[in-house]
Amino acid sequence: MTPHLRDLLAREGPLPLARVLWLASQHYYATREPFGRGGDFVTAPEISQMFGELIGLSLADLWHRAGRSDPLLLVELGPGRGTLMADALRAIGRAAPDFRAAVRLHLVERSERLRAIQKERLEGAVWHDSIATLPTEAPLLLVANEFLDALPIAQFEKLADGWVLRRVTAQGHFDRSVGANLAFIPDTLRNAAPGSVYERNFAAEQLAADLAARIGRQGGAALILDYGYEGPVLGDTLQAIHQGRFADPLATLGEADISAHVDFGAVRMAAGRHALVAGPVAQGEYLQRLGIDQRAETLRRGASIERAAAIEAARVRLTAPAAMGALFKALAIHAPGWPAPAGFSTAGE
Ligand code: SAH
């Protein structure tokens, strides 16, 4: 745990897990280089250019089908090293220059360090701390890959005599002395066995609702990609990854990548009150519908044997159920009057 967090918890603790996770993740992204070689984890856009390319082309396709609004806000939440958007823009520039010309690029990123990296790769972007300051006058097409998993979750735990809210102590343990607000726990799970954990990502739910409301008003769509499940279900998914290995989340607060699986059921419900929702679809299925097999074949043609093998390995890693193909999922939010993005329905595509 970082000294700053330990001092804060010693002074004011115990504090709710969500509050502590928020502080820990701000510190982590501001100070660490989590991505790629030597980093803590590898994300889909860092595995292959195909990921960003296919997503970019699917947004261009949607824009064409929805009547080519100009200008159009192209937004990414938490762009990391900027790889997804750089690959998307390159593909768009080639295949859909009219879409490229309409695009105004907006990035939501809190880390100054990562903003500097993004600035080198993504010309002409405007940065925001949150979606609250995004322009309101044009439709938006938004992508968020591995963003929601980084938002802070709350955990509720069932004890022999009822549900409590998990709070964190300066010693890096859970405090279980405060009762839970039962309104946050679905009826179907309330009688769970002692020891059961139920997670709520209030920040992700709020974000999904805000985004959907915006899309409902302004037009457009959002693609949300992440690892997760369709809740409500019980389970403790909080995880910390330090230099490619799992670590104790509370012991490494602020020093390791900390995340939780995304409850796509909760995200769909929150967004569905304000806009249309499609999916979730398993990432493997989704990328195959967008044409990853054909794209890989094109890239392999004329490549060296080593390079062709690397392209094939990346394709398998992104799509195979035992790798990222099933745990990772894609969900789309779209405005009434805008069609669903490609890849979300088997009919008519
Ligand atoms: N999308 C990238 C990076 C994912 S990591 C990829 O797929 O490689 C999460 C990203 O979200 C980082 O850029 C991090 O700095 C940013 N981030 C995390 N929490 C945030 C928040 N609350 N507000 C804005 N950006 C945040």
Side-chain angles (χ1 to χ4, degrees), residues 18-56 59 74-89 105-122 125-134 142-153 201-208 210-211 222-228 239-242 244 253-262 283 286-287 314 317-318 324 327-331:
R19 168 95 194 283
V20 174
L21 290 178
W22 171 253
L23 296 169
S25 108
Q26 301 255 70
H27 179 81
Y28 174 75
Y29 284 110
T31 57
R32 306 278 163 148
E33 177 54 62
F35 312 106
R37 257 164 190 268
D40 291 331
F41 58 95
V42 185
T43 58
E46 304 296 336
I47 290 170
S48 169
Q49 67 185 77
M50 296 186 286
F51 190 79
E53 289 172 347
L54 292 170
I55 285 175
L59 296 178
L74 182 59
V75 183
E76 184 173 2
L77 307 185
R81 297 182 55 214
T83 308
L84 188 161
M85 191 52 80
D87 292 335
L89 289 173
L105 187 59
H106 290 264
L107 306 174
V108 174
E109 174 61 65
R110 274 180 186 271
S111 160
E112 286 300 332
R113 201 181 56 76
L114 289 173
R115 279 188 185 195
I117 294 173
Q118 293 157 16
K119 200 165 269 170
E120 282 177 18
R121 306 181 73 182
L122 303 170
V126 179
W127 277 264
H128 301 263
D129 278 342
S130 77
I131 66 164
T133 54
L134 291 171
L142 179 144
V143 54
N145 185 61
E146 291 212 33
F147 183 79
L148 270 63
D149 68 71
L151 298 178
I153 57 160
N201 192 330
F202 293 107
E205 291 176 34
Q206 186 65 53
L207 176 79
D210 290 348
L211 262 182
L223 290 176
I224 293 174
L225 299 115
D226 224 309
Y227 46 93
Q239 65 181 40
I241 299 182
H242 193 48
L253 282 169
E255 292 157 347
D257 172 64
I258 195 156
S259 67
H261 289 212
V262 172
Q283 175 172 293
Y286 174 65
L287 293 176
R317 189 165 171 195
L318 291 173
M324 296 173 78
L327 175 60
F328 284 73
K329 296 172 178 66
L331 178 126

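Order of listing sets the numbers, starting from 1, for every ligand and every atom in it. Nothing fancy with the numbering, it's 1 onward along the sequence.
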Of [options], which has the heavy atom at the shortest distance from [atom]?
atom: atom 23 (N) of ligand 1; options: Arg81, Gln26, Arg110; answer: Arg110
atom: atom 9 (C) of ligand 1; options: Glu109, Glu146, Arg115; answer: Glu146
atom: atom 1 (N) of ligand 1; options: Ala150, Gly52, Gly80, Gly78; answer: Gly78

Q. Between His106 and His128, how do the two ring planes meet: parallel, tilted or perpendicular, split at 30° and 60°?
A.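 Ring orientation, 0 to 90° scale: tilted.
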**Q.** Identity and separation of the nearest protein heavy atom to atom 19 (N) of ligand 1
**A.**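 For this ligand atom, the closest protein heavy atom is Phe147 CE1, 4.2 Å.
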Q. To the nearest 0.1 Å, how far is atom 7 (O) of ligand 1 from its closest protein heavy atom, and which atom is that?
A.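 The closest one turns out to be Asn145 ND2, 2.8 Å.
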Q | Salt bridge Arg121-Asp87, side-chain N to carboxylate O under 4.0 Å | A |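 No, Arg121 and Asp87 are not salt-bridged.
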Q: Side-chain contact test, heavy atoms from C-beta onward, threshold under 4.5 Å: evaluate it for Ile131 versus Leu77 and give yes or no.
A: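 Answer yes - side chains close enough.
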For ligand 1, does [X] get within less than 4.0 Å through its side chain, its backbone, both, or neither, judged by non-hydrogen atoms?
X: Thr43; answer: side chain
X: Pro79; answer: backbone
X: Trp22; answer: side chain

Under 3.5 Å, side chain of [X] to main-chain N/O of [Y], donor-acceptor pair present?
X: Asp226; Y: Leu148; value: yes
X: Glu76; Y: Val108; value: no
X: Ser111; Y: Tyr29; value: yes

Q. Is there a heavy atom in Leu151 that sits closer than 4.0 Å to ligand 1?
A.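 For ligand 1, residue contact (heavy atoms, under 4.0 Å) with Leu151 is present.
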Q) So, does Leu114 sit close enough to ligand 1 that a heavy atom of it is under 4.0 Å from the ligand? A)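 Yes, that is the case, since the closest heavy atom of the residue is under 4.0 Å from the ligand.
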Q) If you count the atoms of ligand 1 from 1 in the order shown, which ones are under 4.0 Å from a heavy atom of Pro45? A)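 Ligand 1 atoms under the 4.0 Å threshold to Pro45: 6 (C), 7 (O), 8 (O).
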(Q) If the condition is salt bridge (Lys or Arg N to Asp or Glu O under 4.0 Å), which residues does Glu109 pass it with, not counting sequence neighbours? (A)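 In terms of salt bridge (Lys or Arg N to Asp or Glu O under 4.0 Å), with neighbours along the sequence ignored, Glu109 is linked to no residue.
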Q) Which pair of heavy atoms, one from Leu223 and one from Leu59, lies closest together, and at what distance? A)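 Scanning both residues completely, I find the closest heavy atoms to be CD1-CD2, 3.9 Å.
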Q) Any N or O of Gln118 that comes nearer than 3.5 Å to an N or O of ligand 1? A)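 Such a contact does not occur with ligand 1.
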